[in-house]
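Remarks on the structure that follows.
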Amino acid sequence: MNELRMYVEHLFEGKVLTPENIELKEEIYGNLVARYEDLIASGLDESEAIAQTKESMTSIDDVIIENPTDSSSDECDGDDISDVADESGDSHDPDQVDPFASTPHDGPTPITENAAVLHPQPEQSTSRKRTWPVILACVLIGLLVMGIGFAGCSLMFGIKALDQYEDEQTEHVENVDASRGESSSGSGSTGAGNASPTPTKKNSEIFIDENGQVWVDGELGNELAEEVVNAGYGVVAEYVDTDLADAAKVEALLRSLPMGEYASDVDVTKGVDVLSLAYRELSETLEGDSVDAALAYDVTAVFCAMPLVNEIQITLAESDEPLDESYYVFKRDEVQSRYGVRLDDLLVNEAGWHQIKEDNLYRRKFIENMVDVAEKEWK
């Protein structure tokens, strides 16, 4: 209300600003503001409301106290203002209606032209009174944000504690003696000195506990899972650079790998770079995750030993449901992209087999994703 403030200041130009007059000035300003807001609320535009508000108070000559003579005149109470009104020609009649008293009407509060406003200045303007709901809403939003932040921190620390607990559970994983990998070449294991490094990676899909037991996806693995873990690079090294046209050598390679006793229907005539085979009559006691692990390992080993093969087609069926067959197509490019390295004879060594198994094959979800992508629908 800068315009009304300037207007009131103009009314008091040249007047002695005693404490009483300063208080009177603030009262007049407060009532003018109240009248202006009432006029706005009644539908007037700002300029018209300002004009009418100014017209309601055009002079303060009859109410201002110019030269107080003693200490008693410093007090401006109701009697003093009544005396001032009497001197100006307006008699103080008890029966006369006070033009400034509160009346039950809907219009703006009238302010006479030459009379002081007796109502005290409002402590807050209407606009300020409306701010407390906004402040309350901001406080509530702040508390809500703090609550969400606290819950998020609790969840984060809870997950961290769970991860730490899982790490502690796998800290005692130890390497299995290399003698676990010493068996005949037909079993899929390496000879002495070529044992595959034992998986000890924390939170892996496949690992060996301190008792030498193989675990797959959190469950104790069967003999097939142990065969995959014990399979080393030594056997594969015997078949490096095997020619697809040499069917007998190809079949010998397949039978030397885990699940090799179930290998059948080996076909090298599907194409110049396609190998087809089947694993049939699988025992119903073999757990699905172990079968997937053997499947992924065998495919990897074949790609390393036979660099000219770019596609391996596999049919898989269990003995109790021979007609319920699953069909897989493993493509070299897809499998190599998962490992992030070319699968060839350069990996058929201790370091390479560690990279294949511990760094990739045993990782959580690696086998599952590799097999799921290869599984196809029968056409």
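We use all heavy atoms of the structure for the numbers below, so side chains are in, but hydrogens, waters and symmetry mates are not. Please read these numbers as outputs of a predicted model, since none were measured by experiment. In this chain, residues are counted from 1 in sequence order.
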Side chain to side chain, K270 and E311, heavy atoms closer than 4.5 Å: no
D359 and I356: CA distance, side-chain angles, deciding distance, side chain to side chain contact (heavy atoms under 4.5 Å, CB included) verdict: CA-CA 6 Å; D359 295 345; I356 286 174; over 6 Å; no
SB check R280 D265 (cutoff 4.0 Å): yes
Nearest non-hydrogen partners of A301 and L257, listed with the distance: CB-CD2, 3.9 Å
Which atom of S256 lies closest to which atom of V235, heavy atoms considered: OG-CG1, 3.2 Å
Full working for salt bridge (Lys or Arg N to Asp or Glu O under 4.0 Å) between R35 and E55: CA-CA 11 Å; R35 178 174 179 80; E55 291 175 359; over 6 Å; no
Distance (rounded to the nearest 0.5 Å) between D344 CG and F303 CZ: 12.5 Å
Among R338, R332, E334, the one residue meeting side chain to side chain donor-acceptor pair (under 3.5 Å) with Q336: R332
Check: M306 and L253 side chains under 4.5 Å, non-hydrogen atoms: yes
Closest contact, heavy atoms only, P258 versus E227: CA-OE2, 3.4 Å
Nearest atoms (heavy-atom pairs only) where Y362 meets V229: OH-CA, 3.5 Å
Heavy-atom donor-acceptor pair, Y233 side chain to G352 backbone, under 3.5 Å: no
With F366, the side-chain contact (heavy atoms from CB on, under 4.5 Å) member among I206, L361, V371: L361
Nearest-0.5 Å distance, CG of residue L224 to CE of residue M259: 6.5 Å
Same apolar cluster (I L V M F W Y, side chains within < 4.5 Å links), L346/W353: no
Distance in Å, E3 CD paired with T53 OG1, rounded so as to fall on 0.5 Å steps: 9.5 Å
Side chain S290, main chain L286, donor-acceptor under 3.5 Å: no
Note: E358-R363 ion pair, threshold 4.0 Å (strictly below): no
Minimal non-hydrogen separation, I314 against V299, with atom names: CD1-CG2, 3.8 Å
Hydrophobic cluster identity match, V274 and Y239, side-chain contacts under 4.5 Å: no
Any side-chain heavy-atom pair of L308 and D273 under 4.5 Å: no
Evaluation steps, salt bridge (Lys or Arg N to Asp or Glu O under 4.0 Å), between D333 and K331: CA-CA 6 Å; D333 290 342; K331 295 183 179 296; over 6 Å; no
Residue E261 excluded, over 12 heavy atoms near CD under 6.0 Å: yes
Side chain proximity check, T300 to M370, heavy atoms < 4.5 angstrom: yes
L254 side chain near D298 side chain, heavy-atom distance below 4.5 Å: no
Shared hydrophobic cluster, I22 / I60 (ILVMFWY, side-chain heavy atoms < 4.5 Å): yes
Note, Q355 side chain near L347 side chain (heavy atom, < 4.5 Å): yes
Separation of Y7 OH from Y29 OH (nearest 0.5 Å): 14.0 Å
Non-neighbouring partners of N211 that pass side-chain hydrogen bond (donor to acceptor under 3.5 Å, both in side chains), sequence neighbours left out: none
Close side-chain approach of L275 and V266, heavy atoms under 4.5 Å: yes
Aromatic contact, Y279 with Y328 (centres under 6.0 Å): no
Any side-chain heavy-atom pair of Y327 and Q313 under 4.5 Å: yes
Separation between CG of L24 and OG1 of T18, rounded to the nearest 0.5 Å: 8.5 Å
Partners passing side-chain hydrogen bond (donor to acceptor under 3.5 Å, both in side chains) against N349 (at least two apart in sequence or in another chain): none
salt_bridge(K25, E9) N-O dist < 4.0 Å: yes
Transitive ILVMFWY side-chain link L17 to L11, under 4.5 Å: yes
Shared hydrophobic cluster for V335 and V348 (ILVMFWY, side-chain gaps under 4.5 Å): yes
Main-chain N/O of A231 paired to K357 side chain as donor or acceptor, under 3.5 Å: yes
Inter-residue atom distance L343.CG - C304.SG, 0.5 Å rounding: 4.5 Å
N21 side chain vs V16 backbone, donor-acceptor pair below 3.5 Å: yes
Closest contact, heavy atoms only, L244 versus G271: CD2-O, 3.6 Å
